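Everything on this sheet refers to the single structure shown next.
Every value quoted in this text rests on a predicted model; they were computed, and no experiment measured them. Starting from 1, each residue takes its place in the sequence as its number.
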Amino acid sequence: QVQLVESGGGLVQTGGSLRLSCAASGRTFSNYNMGWFRQAPGKEREFVAAISTSATLTYHADSMMGRFTISRDNAKNTMYLQMNSLKPEDTGVYYCAAGSPLATSSEALNYNMWGQGTQVTVSS
């Protein structure tokens, strides 16, 4: 198991940028496929992006393609989500997840370790 802690959320205006971090502790971070999900008020959790153990494979949801970029630094036990051109509909709690048996899974059920989330609010 790894423990995951997200940070970097906050309030930003439309068109702005944020960089989320997910710091892992516990077992070997580089062994785990990772992902980002988000949940807006009253909505189901939504896939954002995923990355394989060595970062050779990444997958981004269509609505985030070109605006969001997932990355990881295994030496720092940290995963990142760079978010540019933010829109009000990007508002929500962003969660990092670990443990999918698939390299770049978009299915939340495939992940068995989750952080507590970080709030992102985009004002119009």
Side-chain angles (χ1 to χ4, degrees):
Q1 294 281 330
V2 292
Q3 290 73 48
L4 304 173
V5 179
E6 301 95 334
S7 62
L11 174 64
V12 65
Q13 292 186 333
T14 296
S17 298
L18 284 173
R19 188 195 196 199
L20 305 184
S21 297
C22 173
S25 60
R27 293 205 170 186
T28 306
F29 174 73
S30 59
N31 288 346
Y32 295 94
N33 296 309
M34 305 285 295
W36 285 101
F37 291 78
R38 70 184 185 188
Q39 189 165 18
K43 295 188 177 181
E44 293 186 353
R45 193 163 296 191
E46 175 185 26
F47 170 73
V48 175
I51 190 166
S52 61
T53 54
S54 59
T56 53
L57 296 174
T58 62
Y59 175 48
H60 298 77
D62 288 345
S63 61
M64 293 82 169
M65 191 78 68
R67 298 190 300 123
F68 293 7
T69 303
I70 190 171
S71 63
R72 67 191 294 166
D73 185 339
N74 287 343
K76 295 183 178 179
N77 291 344
T78 304
M79 176 177 68
Y80 304 98
L81 184 68
Q82 178 67 43
M83 305 188 295
N84 299 327
S85 303
L86 283 162
K87 307 174 182 179
E89 51 263 44
D90 294 318
T91 294
V93 178
Y94 283 69
Y95 299 91
C96 67
S100 170
L102 303 177
T104 53
S105 176
S106 61
E107 296 294 331
L109 290 176
N110 281 338
Y111 296 85
N112 58 1
M113 290 166 278
W114 293 83
Q116 83 290 347
T118 185
Q119 176 71 44
V120 171
T121 304
V122 184
S123 64
S124 56

For [X] against [Y], the heavy-atom pair lying closest together:
X      : Y     : result
Val48  : Met64 : CG2-CE, 4.0 Å
Ala103 : Leu57 : CB-CD1, 3.9 Å
Gly35  : Met79 : O-CE, 3.4 Å
Arg72  : Ser52 : NH1-O, 2.9 Å

Please tabulate, for the side chains in residues 11-24, all donor-acceptor contacts under 3.5 angstrom to protein atoms that are two or more places apart in sequence or on a different chain.
unit_1 : atom_1 : unit_2 : atom_2 : d
Thr14  : OG1    : Ser123 : O      : 2.7
Ser17  : OG     : Asn84  : OD1    : 2.9

Does any non-hydrogen side-chain atom of [Y] lie less than 4.5 Å from one of [X]?
X     : Y     : value
Asp90 : Met83 : no
Phe68 : Leu86 : yes
Tyr95 : Gln39 : yes

| said: Under 4.5 Å between side-chain heavy atoms, counting indirect links through other Ile/Leu/Val/Met/Phe/Trp/Tyr residues: same cluster for Leu102 and Phe29 or not? | reply: no

| Worked verdict on Arg38 versus Val120 for side-chain contact (heavy atoms from CB on, under 4.5 Å) | CA-CA 9 Å; Arg38 70 184 185 188; Val120 171; over 6 Å; no

| query | Ignoring hydrogens and geometry, is there a side-chain-to-backbone donor-acceptor pair from His60 to Gly66 under 3.5 Å? | reply |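 Checked: no pair found.
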
| task | Please check if the side chain of Asn33 supplies one atom and the backbone of Ser100 the other of a donor-acceptor pair under 3.5 Å. | result | yes

Within this structure, what is the [atom1]-[atom2] distance for the pair [X] and [Y], rounded to the nearest 0.5 Å?
X      : Y      : atom1 : atom2 : value
Asp73  : Ser30  : CG    : OG    : 11.0 Å
Glu6   : Leu81  : CD    : CG    : 11.0 Å
Tyr32  : Asn112 : OH    : CG    : 8.0 Å
Gln3   : Gln1   : CD    : CD    : 7.5 Å
Ile51  : Cys96  : CD1   : SG    : 12.5 Å
Thr118 : Gln116 : OG1   : CD    : 7.0 Å

| message | Please determine whether side-chain contact (heavy atoms from CB on, under 4.5 Å) holds for the pair Trp114 and Arg45, giving the CA-CA distance in whole Å, both sets of side-chain angles, and the decisive distance to 0.1 Å. | response | CA-CA 12 Å; Trp114 293 83; Arg45 193 163 296 191; 3.2 Å; yes

| field | Qualifying residues under ring-ring contact (aromatic ring centres under 6.0 Å, His included), relative to Tyr111, sequence neighbours excluded | value | Phe37

| task | Kindly determine whether Val122 and Glu89 satisfy side-chain contact (heavy atoms from CB on, under 4.5 Å), including the steps that lead there. | result | CA-CA 8 Å; Val122 184; Glu89 51 263 44; over 6 Å; no

